[in-house]
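These values consider heavy atoms only, across backbone and side chains, with no hydrogens, waters or symmetry-generated copies.
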Amino acid sequence: MALPIVAIVGRPNVGKSTLVNRITQNDDAIVHEMRGVTRDRSYHRGDWNGLEFMVVDTGGIEIGNDDAFQAGIRTQALAAAEEADAIIFVVDSRVGVTTDDEEVARILRRTRKPVFLAVNKLDTPNRNDAIWEFMQLGLGEPWPISAVHGHGTGDLLDAVVAALRERGVESFEDEEEPAINVAIIGRPNAGKSSLTNCLCEANRAIVSDVAGTTRDAIDTLIRRDDVLYRIVDTAGIRRKSQIDEDVEYYGFVRAMRAIDRADVALLVIDASIGLTDQDQRVAGLADDRGCALVLVLNKWDLADERARKVIRERIEDRMTFVSYAPVVMTTALTGRNVDKVWQNIDEVFARYTETIPTSALNVWLSELREVGHTISKGKATLRMKYVTQTGTRPPQFTFFANRPDIVDDNYRRYLENRLRERFDLKGTPVRLRFKKKD
């Protein structure tokens with residue numbers, strides 16, 4: 001990306017995500033009072049004084065904590081600081097200077113990038129005397145702010161933008177190049193983050209065998225064979241009745257948003273467990289929202305021959321409503337068949353955006369009429385007159401008929417199946433509309 005990058009770093013629960021939302025003027029970053037809500041790094045677009053930039057939200061850094069996620073969180077946060085053009089180091093005025101603050105400050109002092117020390121949670125402006133304790137961190141004069149109320153954030157951004165322009169980033173341009181949006185979806189712990197890292201060829205997302213590691217939708221822009229892709233790793237989608245944390249609910253909402261804006265969804269299914277009811281539900285969500293779909297059977301190396309046969313049979317029997325979706329067997333941790341995943345992304349996106357000539361469609365319709373299969377209701381018999389494609393993403397076909405009101409679901413499925421037999425619609429749902437024409 002051409003835009004300059006501003007990384008937000010600090011301990012857990014100091015208000016980093018709240019500040020991100022304040023800067024970007026939206027609620028994309030999950031904010032919750034529970035520690036450790038943000039784990040990976042996520043990117044959000046912001047602008048100030050005519051300069052656009054990317055704001056990177058990171059997980060809270062705890063130097064002495066070695067729980068299941070903290071090592072990965074530290075790595076992600078420090079990676080964000082490494083790629084940034086400027087860094088905002090957020091501390092908590094109510095807590096004061098901590099050992100972790102001192103350690104993070106020591107790391108940041110070694111960088112050759114502008115670092116802004118933001119003393120957060122000064123919700124009452126007359127409490128600004130509390131900032132001077134933080135001078136001992138050796139990062140210059142602190143900036144008193146309240147991310148919740150916005151106090152001081154404008155002055156802070158003025159300084160950040162001025163520093164970016166001093167570094168020459170004013171010449172950067174965001175060309176708004178279109179990207180193919182690829183959402184990686186599925187149940188928790190199916191291997192979505194591993195597949196994200198495999199596709200991106202980097203440790204972009206934290207991978208753990210603990211279900212629910214990813215809590216936000218994480219975007220990564222990558223270029224492959226001169227094509228730009230936006231890979232979105234999403235939180236695991238559970239049934240609503242099983243969502244027992246506010247944070248998990250917000251992750252579910254972000255995942256739904258990712259599917260809504262996806263061109264292609266990769267539904268990751270854990271082959272070592274087999275096809276589950278929830279896999280079917282997630283496939284239904286993608287189909288309802290009209291994005292192209294690829295089924296990725298991950299952890300294929302952990303399934304024996306019998307298990308592989310069973311999962312193939314279950315997909316054939318229970319996923320008929322998305323039978324258009326190709327199936328790829330892979331092992332994301334080793335990169336097995338990742339080239340086939342890419343190949344299927346390109347193929348289904350091509351079908352998703354393709355326009356079939358009206359002349360070809362009406363030759364097909366004429367042949368269909370000759371077969372004579374139609375439907376009747378009372379004395380009315382359906383007579384199809386004409387068909388044309390009226391949309392893409394996904395393909396939409398409008399049929400003109402004498403009695404569109406008698407078309408039922410069975411006949412819709414019949415027409416869709418005949419369409420797929422004649423035209424290559426691999427991986428994409430289709431939408432059929434019927435209008436009256438005497």
Side-chain angles (χ1 to χ4, degrees), residues 4-23 29-44 53-122 130-147 152-153 156-157 159-160 163-164 167 203-206 215-216 218:
I5 296 175
V6 177
I8 313 292
V9 302
R11 293 186 297 104
N13 212 27
V14 294
K16 297 183 298 300
S17 295
T18 304
L19 180 58
V20 168
N21 288 341
R22 171 66 59 180
I23 293 172
I30 296 178
V31 176
H32 197 277
E33 62 186 10
M34 186 174 71
R35 297 168 68 88
V37 170
T38 303
R39 288 173 177 168
D40 301 284
R41 64 188 194 270
S42 58
Y43 293 72
H44 312 268
F53 48 88
M54 296 302 295
V55 184
V56 189
D57 189 18
T58 65
I61 302 174
E62 294 180 279
I63 303 300
N65 184 354
D66 290 314
D67 69 11
F69 302 113
Q70 183 52 221
I73 291 171
R74 283 196 298 268
T75 299
Q76 294 289 325
L78 295 177
E82 182 66 26
E83 70 176 345
D85 298 289
I87 302 167
I88 299 177
F89 176 30
V90 185
V91 293
D92 188 340
S93 65
R94 300 173 184 174
V95 176
V97 177
T98 70
T99 302
D100 284 337
D101 289 331
E102 292 174 344
E103 189 61 26
V104 174
R106 184 183 63 81
I107 295 171
L108 296 180
R109 284 198 300 270
R110 295 201 298 263
T111 69
R112 297 185 177 182
K113 299 171 183 178
V115 178
F116 298 87
L117 177 60
V119 183
N120 192 27
K121 304 185 183 180
L122 286 167
I131 70 174
W132 304 115
E133 173 189 359
F134 295 91
M135 288 288 291
Q136 64 182 284
L137 295 176
L139 293 172
E141 185 172 329
W143 294 86
I145 67 167
S146 169
T153 56
L156 172 62
L157 288 175
V160 171
L164 290 174
R167 292 171 63 86
N203 290 327
R204 178 64 186 82
I206 296 175
R215 283 175 164 163
D216 213 333
I218 303 161

Query raised in the report: Would you say Leu156 and Ile88 make side-chain contact, with heavy atoms under 4.5 Å?
Result: yes
Query raised in the report: Hey, are the side chains of Thr153 and Leu19 touching, using non-hydrogen atoms and a 4.5 Å cut-off?
Result: yes
Query raised in the report: Can you list the steps and then say if Lys121 with Asp92 is a salt bridge (Lys or Arg N to Asp or Glu O under 4.0 Å)?
Result: CA-CA 6 Å; Lys121 304 185 183 180; Asp92 188 340; 3.1 Å; yes
Query raised in the report: So, Thr58 side chain and Ile8 main chain: donor-acceptor pair closer than 3.5 Å or not?
Result: yes
Requested in this report: Before giving the answer on side chain to side chain contact (heavy atoms under 4.5 Å, CB included), spell out for Val6 and Ile23 the whole-Å C-alpha distance, their side-chain angles and the decisive distance to 0.1 Å.
Outcome: CA-CA 11 Å; Val6 177; Ile23 293 172; 5.9 Å; no
Requested in this report: Specify the closest pair of heavy atoms between Ala86 and Phe116, including all atoms of both residues, with the distance to one decimal.
Outcome: CB-CE1, 4.4 Å
Query raised in the report: Hey, does Phe89 have a side-chain heavy atom less than 4.5 Å from the side chain of Val104?
Result: yes
Query raised in the report: Just wondering, do Pro142 and Met135 contact through their side chains at under 4.5 Å, heavy atoms?
Result: yes
Query raised in the report: Are any of the side-chain heavy atoms of Glu102 and Gln136 separated by less than 4.5 Å?
Result: yes
Requested in this report: Measure the NE2-CG distance between His44 and Asn21 for me, rounded to the nearest 0.5 Å.
Outcome: 7.5 Å
Query raised in the report: CD/Glu103 to CZ/Arg11 distance, rounded to the nearest 0.5 angstrom?
Result: 13.5 Å
Report task. Provide the closest heavy-atom pair for Asn120 versus Ala147 in the form atom of the first, atom of the second, distance. Result -> OD1-N, 2.9 Å
Query raised in the report: Can you find a heavy atom in the side chain of Val91 that is under 4.5 Å from one in the side chain of Val14?
Result: no
**Report entry** Shortest non-hydrogen contact between Leu139 and Arg109, atoms and distance
**Finding:** CD2-CG, 3.6 Å
Query raised in the report: Are side-chain heavy atoms of Val97 and Leu137 found at a separation under 4.5 Å?
Result: yes
Query - Donor-acceptor pair, side chain of Lys113 and main chain of Ala84, under 3.5 angstrom - result: yes
Requested in this report: Return yes when atom CZ of Arg110 has more than 12 non-hydrogen atoms of other residues, nucleotides or ligands closer than 6.0 Å, and no otherwise.
Outcome: yes
Query raised in the report: Are a donor atom and an acceptor atom from the side chains of Asp101 and Thr98 found within less than 3.5 Å of each other?
Result: yes
Requested in this report: Indicate the atoms forming the closest heavy-atom contact of Val119 with Leu122, along with that distance.
Outcome: O-CD1, 3.7 Å
**Report entry** Within-4.5 Å side-chain heavy-atom neighbours: Ile5 and Phe53
**Finding:** no
Report task. Enter the distance from Ser17:OG to Arg22:CZ here, rounded to the nearest 0.5 Å. Result -> 14.0 Å
